[in-house]
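Just the heavy atoms: all of them, side chains too, but no hydrogens, waters or symmetry mates, feed the values below. Below, read A as the first sequence line, B as the second, and so on, with proteins coming before strands; counting in each chain starts at 1.
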There are 2 protein chains.
Amino acid sequence: MSKFDNLVQKLRQHGERLTIQRRLVIEALCSSDEHMTINDIQHYIRTNHLAHELSEPTVYRIVQRLKDLRLVSQTDMAGTGIVYQLIDNPPHHHLICLRCGCIIDVNDNYFDDLRQRFLHDFGFEVRIDHMAMYGVCAKCQQAVDEQA
Amino acid sequence: MSKFDNLVQKLRQHGERLTIQRRLVIEALCSSDEHMTINDIQHYIRTNHLAHELSEPTVYRIVQRLKDLRLVSQTDMAGTGIVYQLIDNPPHHHLICLRCGCIIDVNDNYFDDLRQRFLHDFGFEVRIDHMAMYGVCAKCQQAVDEQA
DNA sequence: ATGTTTGCAAATCCTTTGCATCAGC
DNA sequence: GCTGATGCAAAGGATTTGCAAACAT
């Protein structure tokens, strides 16, 4: 089953109404493996479904709903702005270079240890849908070293 | 040496001017081990130094400067808003319960493994000044279980 | 038919900017 | 005295809200 159909089915299960607008937002989010801003979503729809341009409030309300249903996660990209992405199973995460902005995808199992230790030590069940961690990538470290 | 004096000294080292306003913001940030919003900072100053209430732009500019000097970190609290805290050495981190909002302090060395693995696998040097991770605390898990 | 969702417009909130004045070094 | 910081007012941008009309079920 496609990502899209999967999500539509989940919405149905929750008794949510399937409006054209919701389908469009889901389609937009499915179109990219990476995160999208509200603007990106609007832009995707404007480009691919010219007749159905969505207003800002509508997009905000729909992603808010999808967030409440835990189908979408929200991340603040260090002031770049707030981005949204589908929560996939298992989730994947990002290392973001503060210098060049490049993004490295990280498998979820890197966080398994941490999850277990927090559960063991604090009884705290960490819920990581999408983690963005910042730092300096290999290339940029070289560049910095050469400067020195 | 107190946190406050330590910071003041660091500002001097960077050739920064030590205005009353900067002292006040630093004092505010020192007053709490936890994070503060811009509003919290203003409120602290209003309460403790009535004669020196600061305007928003001033507070924004000062924390921005402190961020640039890597003395303060900024975190987006899951849409609750943006908070600031002093970067201490070593940094400490937070587990935040999505249900009751309680906050558990986490020692930095929990992240040592992760740092090493990212460096080894991707050559990526993670820079974690302050990490906020969300989930469900022990108490709230019980509450959830009992409901079920 | 009913209750929900959408679109529009406008309000609100947070943050930044321009410029004249003031303060630290 | 020079340079940079502050305060004010106002602009800017992102997000939210109220309400009437349109739509899914």
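Residue order along DNA chain C, read from the 5' end via each residue's closest nucleotide, puts P57(B) first among R17(B) and P57(B). Summary of the strand contacts: L18(B) and I38(B) both lie near DNA chain C, and taking for each the nucleotide with the nearest heavy atom, the more 5' one is attributed to I38(B). In terms of position on DNA chain D, the residue among E53(B) and I20(A) whose nearest nucleotide sits closer to the 5' end is E53(B). Each of R61(A) and E56(A) was assigned the nucleotide of DNA chain D with the nearest heavy atom; the assignment lying further toward the 5' end belongs to E56(A).
Of the side-chain N and O atoms in R65(A), one or more sit less than 4.0 angstrom from OP1 or OP2 of dT5(C). Between T19(A) and dT6(C), a side-chain N or O to OP1/OP2 separation shorter than 4.0 Å is present. Contact between the side-chain N/O atoms of T58(B) and the OP1/OP2 oxygens of dG7(D) is found at a separation under 4.0 Å. Phosphate contact (OP1/OP2 of dA23(C), side-chain N/O of Q21(B), threshold under 4.0 Å): absent.
Criterion: ILVMFWY side-chain heavy atoms under 4.5 Å apart, direct or through other members. Under it, I87(A) and V136(B) are not part of a common hydrophobic cluster.
Between the C1' atom of dG24(C) and the CG atom of L11(B) lies a distance of 13 Å, rounded to the nearest Å. Rounded to an integer number of Å, the gap from D76(A) CG to dC14(C) P is 15 Å. If you measure from atom CD of Q13(A) to atom P of dT25(D), you get 15 Å, rounded to the nearest angstrom. Atom-to-atom, CD1 of I62(B) to P of dG7(D) comes out at 8 Å; the value is rounded to the nearest Å. Between Q74(A) atom CD and dT15(D) atom C1' there is a gap of 11 Å when expressed in whole angstrom units. In this structure, the CZ atom of R22(A) is 15 Å from the P atom of dC23(D), given to the nearest Å. For the pair N39(A) CG and dT15(D) P, the interatomic distance rounds to 9 Å; values are reported in whole Å. Here dT6(C) presents its P atom at 13 Å from CD of Q64(A), a figure rounded to the nearest Å.
Around atom NE2 of H14(B), more than 12 heavy atoms belonging to other residues, nucleotides or ligands sit under 6.0 Å away.
Proximity of the aromatic rings of H93(B) and F111(B) is defined here by a centroid distance below 6.0 angstrom, and this criterion is met.
Within 4.0 Å of E16(A), counting heavy atoms only, lie sugar-phosphate atoms of the nucleic acid but no base atom.
Considering only side-chain atoms of L54(A), the nucleotide from dG7(D), dG7(C), dT5(C) that sits closest is dG7(C).
Between D108(A) and R115(A) there is a salt bridge, with a side-chain nitrogen of the basic residue lying less than 4.0 Å from a carboxylate oxygen of the acidic one.
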query: Would R70(A) and D129(A) count as a salt bridge (charged side-chain N to carboxylate O under 4.0 Å, His left out) if you check the C-alpha gap in whole Å, the side-chain angles of each, and the deciding distance to 0.1 Å?
result: CA-CA 9 Å; R70(A) 294 185 51 74; D129(A) 296 326; 3.1 Å; yes
